[in-house]
Amino acid sequence: MAAKFGLATHVLRHWEDVGLLRPVRDGAGRRRYGIDDLSRVAVIVRSKDSGMSLDQIAVLLDAESVDRHRVLQAHIDDLDRRMAEMERSREMTLHALRCRAHDVATCPNFQKLVEDLVGAVA
């Protein structure tokens, strides 16, 4: 399972220790991951990649959690904020790529792309 997702085995053991995974054990005590575990690991990996903490992922995977909608809405809000920041960064990078100014930081059009940060510091 770890190799399939490019993870160290200790990561799966940690996720098991914190209750995110519950693989069955064979007679010798070895973990036996099934198709449900495969999907669960995929959800954990994708969620971590999107910035969720293990605590948030635990709530996501707990259908009984009373905090589920609150935690998920907070994550969506965070994703929206980060996506907007990424779009601003993309615009700035595209401008820098195309800008003919020797020092893009002195370009008036480039400076407009960081006005929100300059204003917050000034």
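Just so you know, these numbers come straight off a predicted model, no measurement behind them. Along the sequence shown, residues are numbered consecutively beginning with 1.
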Q: Does the pair D78/R82 count as a salt bridge with the N-to-O cut at 4.0 Å?
A: yes
Q: If you round to the nearest 0.5 Å, how far is CG of D62 from CD1 of I57?
A: 13.5 Å
Q: Starting at CZ of R13, measure out to CG of L7 and round the result to the nearest 0.5 Å.
A: 12.0 Å
Q: Check whether any side-chain heavy atom of L60 lies under 4.5 Å from a side-chain heavy atom of S47, and answer yes or no.
A: yes
Q: In Å and rounded to the nearest 0.5 Å, what is the CZ to OG1 distance from R31 to T9?
A: 8.5 Å
Q: Say whether V41 and I35 are linked into one hydrophobic cluster, either directly or through other cluster members, by side-chain heavy-atom distances under 4.5 angstrom.
A: yes
Q: Considering all heavy atoms of both residues, which atom of D37 and which atom of M1 are nearest to each other, and what is their separation?
A: C-CE, 3.9 Å
Q: Any carboxylate oxygen within less than 4.0 angstrom of a Lys/Arg side-chain nitrogen, looking at D67 and R70?
A: yes
Q: Any salt bridge between R46 and D49, counting N to O under 4.0 Å?
A: no
Q: Is it true that atom CG of D36 has more than 12 heavy atoms of other residues, nucleotides or ligands lying nearer than 6.0 Å?
A: no
Q: What distance separates W15 CH2 from I44 CD1, expressed to the nearest 0.5 Å?
A: 5.5 Å
Q: Do other residues, nucleotides or ligands put more than 12 heavy atoms under 6.0 Å from R90 CZ?
A: no
Q: Got a salt bridge between E16 and R25, using NZ or NE/NH1/NH2 to carboxylate O under 4.0 Å?
A: yes
Q: List in chain and number order the residues that pass side chain to side chain donor-acceptor pair (under 3.5 Å) with S50, two or more places apart in sequence or in another chain; answer none if no residue qualifies.
A: H75
Q: Return yes if some donor-acceptor pair links the side-chain N/O of D26 with the main-chain N/O of R30 below 3.5 Å, else return no.
A: yes
Q: Which atom pair, heavy atoms only, marks the closest approach of R40 to L20?
A: NE-O, 2.5 Å
Q: What distance separates L113 CG from T93 OG1, expressed to the nearest 0.5 Å?
A: 9.5 Å
Q: Is L12 close to Y33 at the side-chain level, that is, under 4.5 Å between some pair of heavy atoms?
A: yes
Q: Are L94 and V104 connected in a single hydrophobic cluster, I mean Ile/Leu/Val/Met/Phe/Trp/Tyr linked by side-chain heavy atoms less than 4.5 Å apart?
A: no
Q: Can you tell me how far the NE2 atom of H95 sits from the CD atom of E91, to the nearest 0.5 Å?
A: 11.0 Å
Q: Applying a strict under-4.5 Å side-chain criterion to I, L, V, M, F, W and Y, I'd like to know whether V71 and L61 cluster together.
A: no
Q: Considering only heavy atoms from C-beta outward, does the side chain of L72 approach that of V59 to under 4.5 Å?
A: no
Q: With a 4.5 Å cut-off on side-chain heavy-atom distances among I, L, V, M, F, W and Y, is there a chain of contacts connecting V43 to L38?
A: yes
